[in-house]
Amino acid sequence: MNVLIVDDEKHVRDAVKLLGEWDTWQVDNIFEADDGTMAKRFLDQEKIDLMLTDVEMPGLDGLSLLEWTKNHHPKVVTIVLTGYDDYTYMRRAILHQSFDYLLKPIDPDILNDALARAMELICPVQEQGEAIDQIAKYIATHYAEELTLQLMSERFYLSREYISRRFKQRFSVNLSDYIQTIRLNRAKELLSDTDARIYEIALEVGYHDDKYFRKVFKKQFGMTPNEFRELLSV
């Protein structure tokens, strides 16, 4: 995947490169242009998937570049970067099919949320849906290990924001609740089928603090692990 950053200020281009979670999306190349004319050359010579462009630039400005891109490279997803919170700019950007409109100085959370949503357009939706299912399968077999949103992001090359949003859409719960449910259901099986001590079961399902394990178990099932085991023996 190739990205093009267009801005006449080098520190802005550097900030976007630094703040974007590019490795998450397996970005191969990040090209830079300091004006619209140079950007057009990159668009003609390289396969650009995503372009982030400033509005106010010498020579060919960002809005003119957006219009040209829409007509010559319509598959390129575009995001506008600007220091002007101006409705006219925003309206023209939308008319030229800009995907989003971000204000400078760039907020890293807002930037990466926009990138996550843009990647849904760039990457095949079916592949991304399969990735979410793969994450669920991974959790089912690795529930005893440390599992975090960041680790899932790094392992499956998807942004944390994207995983969080799509996982909840797919399973109607957030990722941490899903992991907890898998762990606690496995704990119930171990309480039923083994004589292992509570702290041993806690460790086996991924909880290193057995007091915390007892707390979440009771919250989930309305009884402590010991009470659950006693209920089975009646």
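Side-chain contact annotation: Ser176 with Asn174, donor-acceptor N/O pair under 3.5 Å present. Neither side chain, Arg183 nor Tyr207, offers a donor N or O lying under 3.5 Å from an acceptor on the other. No side-chain donor-acceptor contact under 3.5 Å links Gln134 and Glu130. With no hydrogens or angles considered, no side-chain donor-acceptor pair links Asp44 and His72 at under 3.5 Å. With 3.5 Å as the limit, one finds a donor-acceptor pair spanning the side chains of Asn29 and Asn2.
Here Glu21 pairs with Arg160 in a salt bridge; the nearest charged N to carboxylate O distance falls below 4.0 Å. Under a 4.0 Å N-O distance rule, the pair Glu67/Lys70 does not qualify as a salt bridge. Under 4.0 Å is where a charged nitrogen must lie from a carboxylate oxygen, and between Arg165 and Glu120 at least one such pair does. A salt bridge links Asp7 with Lys104: the closest approach of a Lys/Arg side-chain nitrogen to an acidic carboxylate oxygen falls below 4.0 angstrom. Electrostatic pairing of Arg214 and Asp210 counts as a salt bridge here, judged by a charged N lying under 4.0 Å from a carboxylate O.
Panel note: side chain Gln169, backbone Arg166; no donor-acceptor pair is recorded below 3.5 Å. In this structure, Ser64 contributes its side chain and Leu60 its backbone to no donor-acceptor pair below 3.5 Å. Of the possible polar contacts, none joining the Glu154 side chain to the Leu151 backbone as a donor-acceptor pair under 3.5 Å is found. Without hydrogens or angle criteria, Asn112 side chain to Pro108 main chain gives a donor-acceptor distance under 3.5 Å.
For the pair Leu102 and Ile110, the minimum side-chain heavy-atom distance is below 4.5 Å. The closest side-chain heavy-atom distance from Lys168 to Val173 is not below 4.5 Å. No side-chain heavy atom of Val76 sits less than 4.5 Å from a side-chain heavy atom of Leu4. The shortest distance between side-chain heavy atoms of Asn185 and Phe221 falls below 4.5 Å. Between Gln220 and Val216 the shortest side-chain heavy-atom distance does not fall below 4.5 Å. Side-chain contact between Arg117 and Asp100 is present, with at least one heavy-atom pair separated by less than 4.5 Å. Contact of the Val3 side chain with the Trp22 side chain is registered, since non-hydrogen atoms from C-beta on lie closer than 4.5 Å. Taking the side chain as every heavy atom from C-beta outward, Leu175 and Ile139 approach each other to under 4.5 Å.
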Original post:
Between Leu63 and Leu66, is a side chain to side chain contact (heavy atoms under 4.5 Å, CB included) present by the stated rule, with each step listed?
Top reply: CA-CA 5 Å; Leu63 292 174; Leu66 286 177; 4.0 Å; yes

Original post:
Could you go step by step and tell me if Phe213 and Val205 meet the side chain to side chain contact (heavy atoms under 4.5 Å, CB included) rule?
Top reply: CA-CA 9 Å; Phe213 166 68; Val205 299; 4.2 Å; yes

Original post:
So Gln180 and Leu184, side chain to side chain contact (heavy atoms under 4.5 Å, CB included) or not? Walk me through it.
Top reply: CA-CA 6 Å; Gln180 180 172 289; Leu184 295 179; 3.7 Å; yes

Subject >> Candidate pair Ser153 and Tyr162, rule side chain to side chain contact (heavy atoms under 4.5 Å, CB included), full reasoning >> reply: CA-CA 9 Å; Ser153 173; Tyr162 176 80; over 6 Å; no

**OP:** Starting from the C-alpha separation in whole Å, work towards a yes-or-no answer on salt bridge (Lys or Arg N to Asp or Glu O under 4.0 Å) for Asp8 and Arg13.
**Re:** CA-CA 8 Å; Asp8 59 314; Arg13 302 196 304 271; over 6 Å; no

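Paired with Met51 under the rule side chain to side chain contact (heavy atoms under 4.5 Å, CB included), one option of Ile79, Ile5, Leu65 passes, and it is Leu65.
With hydrophobic clusters built from ILVMFWY side chains whose heavy atoms lie under 4.5 angstrom apart, Leu203 does not share a cluster with Ile198. The hydrophobic cluster containing Tyr157 does not contain Tyr138, counting ILVMFWY residues as joined when their side-chain heavy atoms lie under 4.5 angstrom apart, directly or transitively. Cluster annotation: Leu18 and Ile106 are assigned to distinct hydrophobic clusters (Ile/Leu/Val/Met/Phe/Trp/Tyr, side-chain heavy-atom contacts under 4.5 Å, transitive). Note on Tyr199 and Tyr143: separate hydrophobic clusters, where clusters join Ile, Leu, Val, Met, Phe, Trp and Tyr whose side-chain heavy atoms are under 4.5 Å apart, directly or indirectly.
In terms of the salt bridge (Lys or Arg N to Asp or Glu O under 4.0 Å) criterion, residue partners of Asp14 (sequence neighbours excluded) are, by chain and number, Lys10, Lys17.
Using cut-offs of 30° and 60° on the angle between ring planes, the pair Phe167 and Tyr178 is perpendicular.
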